[in-house]
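Shown next, in C-alpha cells, is the structure this report addresses.
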Amino acid sequence: MHTAGGTGEGEAGSEDRTPKKKFSEVQKERREQAQRTVLIHCPNKISEKKFLKYLSQHGPISHHFFYESFGLYAVVEFCQKESVTSLQNVTRTPSMGTEAAIPFKSRFFNLKLKNPSSQTSEKSSIPCSNHSPPSSKKLSELLCYAESVDDQLNTLLKEFQLTEEDIKLRYLTCSLIEDLAAAYFQDCTVRPFGSSVNSFGKLGCDLDMFLDLDEIGKLNTSKTSGNFLMEFQVKNVPSERIATQKILSVIGECLDHFGPGCVGVQKILNARCPLVRFSHQASGFQCDLTTNNRIALKSSELLYMYGALDSRVRALVFSIRCWARAHSLTSSIPGSWITNFSLTMMVIFFLQRRSPPILPTLDYLKTLADAEDKCIIEGHNCTFIRDLNRIKPSGNTETLESLLKEFFEYFGNFAFNKNSINIRQGREQNKPECSPLHIQNPFETSLNISKNVNQSQLQKFVDLARESAWILSQEDKDRPSPSSNQPWGLAMLLQPSVVSSVSLAKKKRRKPASERIKNLLESIKSHSPENDTDTNGK
Ligand code: CTP
Ligand code: MG
C-alpha cells in the first residue's frame with residue numbers, strides 16, 4: 001500500500017502518480033481479507049508443503065505466512081470464507097485431562113501432529129516473517145552507511161514501518177475479537193484505528209480497536225413502507241457513558257473468560273474514554289478496545305490522508321517519533337509525557353507552516369469536500385475531502401534534511417506559553433487555557449490532546465529540539481565521511497549520550513557552580529519561615 005522509503009530524494013516532484021486508495025476502501029478490503037483468514041499455532045517441526053496441502057482440502061489458499069512468538073504461528077488466508085467454516089467443521093475441542101475446556105469455535109486453532117516422527121525427517125527451516133523493529137545497534141549501522149540525511153530518514157522509515165504481514169495480523173486480530181463480541185452483539189464490527197491504520201505506526205505499536213455497534217438495528221427506515229415504524233425494545237440507561245461502560249464491561253468479561261489467547265484483561269472504565277486493555281498472546285499485540293469514540297476513527301483517517309499526500313510526511317514523523325523515544329520524551333507508560341499522536345500533530349502543523357506549505361490545512365480539506373464526504377459526529381463537524389487524488393500536490397521542494405533541522409528550530413523557539421497548535425487553521429492561535437502544551441483536537445475543538453503534558457516535559461522537549469538543531473547545524477560544517485563508521489546526521493541525534501552530554505555541558509555553561517549554590521541557599525531561605533511554623537506548631 002505504501003511505497004515507503006521512496007527514492008530517497010525527498011522531492012515533492014518525485015511523488016508517484018498511481019491513484020491512491022481511500023481510507024474506507026483500504027479498511028473494507030483488509031477487513032474482508034481478515035474474515036477469510038485463520039490463525040494456527042503449529043508444532044515447531046512441520047513441513048510447510050504438507051501443511052499447505054492439508055489445509056487446501058478446505059479450499060484454495062490465497063496467501064500465508066509464518067511468524068514466531070513463543071512458538072510457531074501460521075496466518076492462512078483462504079480465497080473463500082466457506083473454507084474457514086469447512087475447517088471449523090473438522091476441528092475438535094481438546095480434552096484437557098484434569099482441566100476443563102470451554103468450548104468455543106473460533107478461527108484460532110492448534111495444529112497437532114498425529115505422528116510426530118514422520119515429519120521431523122523432512123524438517124526444513126520455515127521462513128518466518130519478522131515483526132519486531134531493528135535493534136538500536138542495527139539501526140545505527142544502517143544510518144551510518146546511508147548516503148545523506150535524506151537517505152537516513154527514508155531508511156529509518158523503511159525499517160520501522162509496519163510490514164504487510166504485520167498489518168494483516170492486526171486486521172486478523174480485530175476480526176477474531178469481533179467474533180467474540182458478536183456473541184453479544186450480532187452484526188457488530190471491530191475496527192482497528194490509531195497508528196495501526198493511520199500509516200504512522202511503528203513495528204511493535206499497540207493495537208487500538210473500536211467496537212462499532214452502529215450498524216446494529218440501523219435498518220433503512222426509509223425502506224419500510226406503510227404507516228408504522230418498528231423499533232427494538234431495549235434497556236435504557238441514564239447516559240451514553242454508562243451505556244459504553246456496561247458494554248465494555250461485558251466484553252471485558254467475555255474476553256477474560258472465553259477469549260482464546262486473550263490475557264491480562266483490564267477494564268479501565270472510568271477513563272475519559274473507557275476502554276478494555278488486554279494482551280493478545282498469539283499475535284503479541286497489546287490491545288486497547290474502546291467503543292463510542294467514532295471521532296478517533298475519523299482522526300485516523302485524517303492522519304492517513306496527511307501521510308499519503310507527500311512522501312516526506314511519514315519519513316519526518318517516524319524520525320521525530322524515534323528521536324523522542326530515544327530521549328525518553330515519550331514512554332509506553334501513560335503519564336505527563338508527550339504522546340506520539342501529539343508529535344504527529346506537531347509535524348503536520350509545521351509542514352502546514354512551510355512556504356509554500358507542504359500540507360493543506362484541515363479547513364481547506366473541508367472546502368474541497370463534496371456532499372458524500374459530509375460527516376457530523378455527536379454534533380462535531382468532521383467533514384473533509386476523502387478522495388486523495390483530488391488534492392493538488394505541494395510545490396515545495398525542501399529536502400528532508402532541511403525540514404528536520406527547521407522542525408527543531410521551529411519548535412525550539414515556539415511561543416508555547418502563548419500559542420496553541422491548530423491543524424484546522426494551520427496557524428498559531430491564542431491558547432484558550434493554561435496547559436503548558438496546547439494542541440487542539442481537530443474535530444472536538446474544545447479539547448486539548450496534550451493536556452497531560454507538564455511544564456518540565458515540555459521544557460525537556462524544547463531543550464532537546466534546540467540542541468538537535470544545533471548539532472545538525474554544526475554537522476553541516478564537518479561531517480565525517482559515511483564510510484568512517486562514526487555516527488553522523490540522524491544517527492547522532494538518536495544517541496542519548498550525545499545530546500544529554502551536550503545538554504549537561506550547556507547547563508554547566510549557563511550556571512556556574514557558585515551561582516547554583518547561591519540559588520540553593522536562597523531556596524532554603526525562602527522555605528525556612530514555613531519550616532519554623534511547622535516546628536513551632538508541634
Ligand atoms: N486520540 C485522540 N485524543 C487523544 C489521544 C488519542 O483523539 N488525546 C485518538 C487518536 O486518533 C489516536 C488514537 O486515539 O491516533 C489512538 O491513541 P494512541 O494509541 O495514544 O496513539 P496512536 O496514534 O495509536 O500512537 P501509538 O503508536 O503511540 O499508539
Ligand atoms: Mg495506538
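One-based numbering, in listed order, for ligands and for the atoms of each. Residue numbers count from 1 along this sequence. Note that these values count all heavy atoms, side chains included, but never hydrogens, waters or copies made by symmetry.
D150 and L400 get closest at one heavy-atom pair: OD2-N, 3.0 Å. The minimum heavy-atom distance between P360 and L365, with the atom names listed, is CG-CD2, 3.7 Å.
Of all the heavy atoms of F200, none lies under 4.0 Å from any atom of ligand 1, so neither backbone nor side chain is involved. Under 4.0 Å from ligand 1, heavy atoms of S195 appear from its side chain as well as its backbone.
The single protein non-hydrogen atom nearest to atom 18 (P) of ligand 1 is D208 OD2, 4.1 Å, given as residue, atom name and distance. Scanning the protein for heavy atoms near atom 28 (O) of ligand 1, the closest one is N340 ND2, 2.9 Å. At the top of the distance list for atom 12 (C) of ligand 1, counting protein heavy atoms only, stands F341 CD1, 3.8 Å. In terms of protein heavy atoms, atom 29 (O) of ligand 1 is closest to D206 OD1, 2.8 Å. Given atom 15 (O) of ligand 1, the protein heavy atom at minimum distance is G194 CA, 3.4 Å. Protein heavy atom closest to atom 8 (N) of ligand 1, with residue, atom name and distance, is I449 O, 3.6 Å.
Ring orientation note: the planes of H327 and W323 are nearly perpendicular, at an angle over 60° on the 30°/60° scale. The aromatic rings of F461 and F407 sit perpendicular, their planes meeting at an angle over 60°, well past the 30° parallel limit. Under the 30°/60° scheme for interplanar angles, the aromatic rings of H64 and F66 are found to stand perpendicular.
Here the CG-OG distance, from D166 to S129, works out to 8.0 Å after rounding to the nearest 0.5 Å. For the atom pair Y73 OH and H41 NE2, the distance stands at 4.5 Å (nearest 0.5 Å).
Not a single heavy atom of T339 sits less than 4.0 Å from an atom of ligand 1. In this structure, R321 is part of the shell of residues with a heavy atom less than 4.0 angstrom from ligand 1.
Near A296, meaning under 4.0 Å from one of its heavy atoms, ligand 1 places the atoms 9 (C), 11 (O). Near S299, the atoms of ligand 1 lying under 4.0 angstrom from a non-hydrogen atom of the residue are 11 (O). Each of the following atoms of ligand 1 lies closer than 4.0 Å to a heavy atom of F193: 13 (C), 14 (O), 16 (C). Set against the non-hydrogen atoms of C205, the atoms of ligand 1 under 4.0 Å away are 27 (O).
K298 forms a cation-pi arrangement with F384, by the criterion of a distance under 6.0 Å to the ring centre and an angle within 45° of the ring axis. A cation-pi arrangement, defined by a distance under 6.0 Å to the six-membered ring centre and an angle within 45 degrees of its axis, is absent between R294 and F210. Judged by the 6.0 Å and 45° rule, K202 forms a cation-pi pair with F160.
At distances below 3.5 Å, not a single donor-acceptor pair connects side-chain atoms of K405 with backbone N or O atoms of E409.
Distances between N or O atoms of R272 and those of ligand 1 include no value under 3.5 Å.
With a cut-off of 2.8 Å, the Mg ion (ligand 2) has an N, O or S atom of D206 in range.
For atom 20 (O) of ligand 1, the nearest protein heavy atom is 4.0 Å or more away.
D208 has its closest N, O or S atom to the Mg ion (ligand 2) at the position named OD2.
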